[in-house]
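Have a look at the structure below before the remarks.
As a basis for the values below, the full set of heavy atoms in this structure was taken, side chains included, without hydrogen atoms, waters or symmetry mates. Because the structure is a prediction, the values reported are computed rather than measured.
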Amino acid sequence: MRSQPLHSSVKEIRLITIEPNREYTAPIHAGIRSVPLNELPPSTALSYSWGKSGKKKRIAIGHSHLRITKSLLQALRRLRNKKILVLWIDQICINQKDEEEKQYQIKLMKLIFRRADVVIAWIGQEDPAGHIAELFKITDESDSWDGAIELRLSKRLDHQVSVLLEREYWMRVWIIQELAMGKEVLVQCGRHQVRWTTLSVVIKGSMFRRRYYEGDLPPQFSCVDALAQMSQRTQQPSLVEAICRTIVSQSTVDKDKVYGLLGLVNDAELLVPDIKYTKNYEAEDLCLELTLGIIGAQHRLSVVPLLGRGCDHASVHSGNSVSSGEPIDSVNPRTPRRPSWVPLWHALDGRQLKRQISYLIPGAS
C-alpha cells in the first residue's frame, strides 16, 4: 500500500476506519485518512503486541492491500463486530518503510494515546481453560466483594493473574506509556473486556500478596509493576530511573527499550532530543549519546562506574556486546566499536546491578 506523505508541521496522523462485521472470518475492509492531531475525531488507539514475525495476512484498505501480523488481524476481527471503528494503529498508520516519518510519528505517540477517547489493550485470544475470562468476570464484580469473599478468592485470583500476565503483551516496554496515557483503557482478551482501572486493582492486590509471601515478583509482573510505581508519582521519573525499573521488559528493536519510555520521563528532551531509526544509528550509538547527556546534565560520572561495562567485561574481551549484535572494529577485530565505559542501556542485567540501581534510585528494590 502506498501512503500519502504526512505534514509534520501540523502534526498530521493517519486513522483507519473499519466496517463492522459479526462474522469473525469475513475479510477486513478499511478506509484510511489523514488528520491533524489537533482535529482528532472520536477515535480509539490500539495497544497490542505485534507478535512473532511470520507470514503476514492481507487486508483491504481502500483500493489497496496491506499485509499485517496475525496478532493484529485477530484483534481487528474481534473489535469490528458491533460498530464502525475509527482506529490509530502503529503498524498501519505509520509508514514502516519511511524512516523519517517513523521517527516523528513515534514522538507523537504520547499525545495520540492521551487524546484518544479510548485505548484498547488487546492481549490476544482467550485461553482454552477460560482463566482470563473468569478473571475478567470476577473483576467486574469486585465492587460487591466483602473481605471474606476476597480472602477466599485470593489463591484462585493469583493463579488467574499469573495466567493473564504470562501473555507476551505484558512484557512490551511500550505498554507502560500506552496504558499510562489513556483517558479510558479497556483490556480485551478474545470476546471479553474489562476496564483497566478495575483490573489493575486486582493485579496490584496479587502483586502485594506475592511480595509478602514470596519476596520477589516473577519477571512477567515487571512492566505492570513499573507502570504502577511510576503512575503513583506526583512527578515524572528521570529516564535513568525509568530504564532501571523496566530492565526485564522487551522490545523487538533494541533502541525501543529507551524510546518506549520517553513519553513518561521528565528529561527526555534533554537526554534524547531526537528519535533515530536510520540504519547507521544503532543501539550502541544511542547508549553513547544518552550516557554523555546524563554526564553533562548531572555534572558527575556516577553512571560510568555503576553501570558501565568496564574493561574486564566479557563483551570487551570477546569483541561482542551482551546483545550479540555490537559491531567490531575493522582495524582491531577484538575491540568493540563503542567505549567500554558506556552502559548498554538496552541490555542492563537487574540481577547483577541491584545494588547499583538502589544507589541511582533511592528507595528502589
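For Arg58, there are no side chain to side chain donor-acceptor pair (under 3.5 Å) partners, not counting sequence neighbours. Remark: Lys56 pairs with Arg67, Thr69 by the side-chain contact (heavy atoms from CB on, under 4.5 Å) rule, at least two apart or across chains. Residues satisfying the side chain to side chain donor-acceptor pair (under 3.5 Å) criterion with Arg80, sequence neighbours excluded, are absent altogether.
In terms of heavy atoms, Leu165 sits closest to Ile203 at CD1-CG2, 4.2 Å. For the residue pair Trp50 and Ser71, the shortest heavy atom distance occurs at O-CB, 3.6 Å. Of all the heavy atoms in Asp140 and Gln193, the pair that sits closest is OD2-O, 4.2 Å. For the pair Gln188 and Leu79, the tightest heavy-atom approach, listed with the atom from each and the gap, is OE1-CD2, 3.3 Å. The shortest non-hydrogen separation linking Cys244 to Ile247 is O-CG1, 3.3 Å. The two residues Ala121 and Tyr169 come nearest to each other via the heavy atoms CB-OH, 3.3 Å.
Proximity of Tyr24 to Arg78: side-chain heavy atoms (C-beta onward) are separated by under 4.5 Å at one or more points. Residues Arg33 and Val86 form a side-chain contact, since some pair of their non-hydrogen atoms from C-beta on lies under 4.5 Å apart. Looking at heavy atoms from C-beta onward, Leu157 lies in side-chain contact with Leu135 at the 4.5 angstrom threshold. Inter-residue side-chain proximity for Val173 and Leu261 is flagged as met; some heavy-atom pair is nearer than 4.5 Å. A heavy-atom distance below 4.5 Å is not found between the side chains of Gln91 and Leu66. For the pair Leu286/Tyr259, a side-chain contact is recorded, criterion being any heavy-atom separation below 4.5 Å from C-beta on. Using a 4.5 Å heavy-atom cutoff, the side chains of Gln160 and Val202 are not in contact. Leu15 has its side chain within reach of Leu40: a pair of non-hydrogen atoms, C-beta onward, lies under 4.5 Å apart.
Cluster annotation: Val10 and Ile112 are assigned to distinct hydrophobic clusters (Ile/Leu/Val/Met/Phe/Trp/Tyr, side-chain heavy-atom contacts under 4.5 Å, transitive). Hydrophobic clustering of Ile, Leu, Val, Met, Phe, Trp and Tyr side chains at less than 4.5 Å, counting indirect connections, unites Ile275 with Leu37. Residues Val194 and Val201 do not share a hydrophobic cluster, defined by chaining ILVMFWY side chains whose heavy atoms lie under 4.5 Å apart.
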Next item on the list: Report the C-alpha distance between Lys279 and Glu99 in whole Å, list the side-chain angles of each, state the deciding distance to 0.1 Å, and finish with yes or no for side chain to side chain contact (heavy atoms under 4.5 Å, CB included).
Entry: CA-CA 9 Å; Lys279 291 180 180 178; Glu99 291 174 348; 3.8 Å; yes
Margin query: Test side chain to side chain contact (heavy atoms under 4.5 Å, CB included) on Leu301 and Trp341; report intermediate values, then the result.
Written below: CA-CA 10 Å; Leu301 297 170; Trp341 51 266; over 6 Å; no
Check: Can you list the steps and then say if Glu241 with Val265 is a side chain to side chain contact (heavy atoms under 4.5 Å, CB included)?
Finding: CA-CA 9 Å; Glu241 177 177 349; Val265 301; over 6 Å; no
Notebook entry, point to check: Are Ser8 and Glu100 close enough, and set up right, to give a side chain to side chain contact (heavy atoms under 4.5 Å, CB included), and what steps lead you there?
Noted result: CA-CA 10 Å; Ser8 57; Glu100 185 176 343; over 6 Å; no
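Considering CD1 of Ile92 and CD1 of Ile18, their distance stands at 6.0 Å, rounded to 0.5 Å. Between atom CG of residue Leu199 and atom CG of residue Leu186 there is a gap of 11.0 Å, rounded to the nearest 0.5 Å. If you take CD1 on Ile120 and OG on Ser47, they are separated by 10.5 Å, rounding to the nearest 0.5 Å. Distance CD1/Ile89 to CD1/Ile16: 4.0 Å, rounded to 0.5 Å. The NE2 atom of His159 lies 11.5 Å from the CG atom of Leu164; values are rounded to the nearest 0.5 Å. Atom CD1 in Ile13 sits 8.0 Å away from atom CG in Leu108 (nearest 0.5 Å).
Crowding of Gln125 atom CD: a count of heavy atoms from other residues, nucleotides or ligands under 6.0 Å exceeding 12.
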Show me the side-chain donor-acceptor pairs of residues 287-297 shorter than 3.5 Å, one per line, residues at least two apart or across chains.
| unit_1 | atom_1 | unit_2 | atom_2 | d |
| --- | --- | --- | --- | --- |
| Glu289 | OE1 | Tyr281 | OH | 2.4 |
| Thr291 | OG1 | Cys287 | O | 2.7 |
| Thr291 | OG1 | Trp345 | NE1 | 3.0 |

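Within the structure, every pair that satisfies the salt bridge (charged side-chain N to carboxylate O under 4.0 Å, His left out) test and touches residues 173-186, not counting sequence neighbours, is listed here: Arg172-Glu178, Glu184-Arg195. Note on residues 9-19: pairs passing salt bridge (charged side-chain N to carboxylate O under 4.0 Å, His left out), not counting sequence neighbours, are Arg14-Glu101.
The backbone N or O of Ser43 lies less than 3.5 Å from no partner atom in the side chain of Trp88, so there is not a single donor-acceptor pair. Within the 3.5 Å criterion, the main-chain N or O of Ser249 finds a donor-acceptor partner in the side chain of Lys257. A distance-only check finds no donor-acceptor pair linking the side chain of Asp267 to the backbone of Leu271 [under 3.5 Å]. In terms of modelled atom types and a separation under 3.5 Å, the side chain of Gln105 and the main chain of Ile94 share no donor-acceptor contact. Judged by distance alone, the side chain of Glu126 and the main-chain N or O of Ile132 form no donor-acceptor pair under 3.5 Å.
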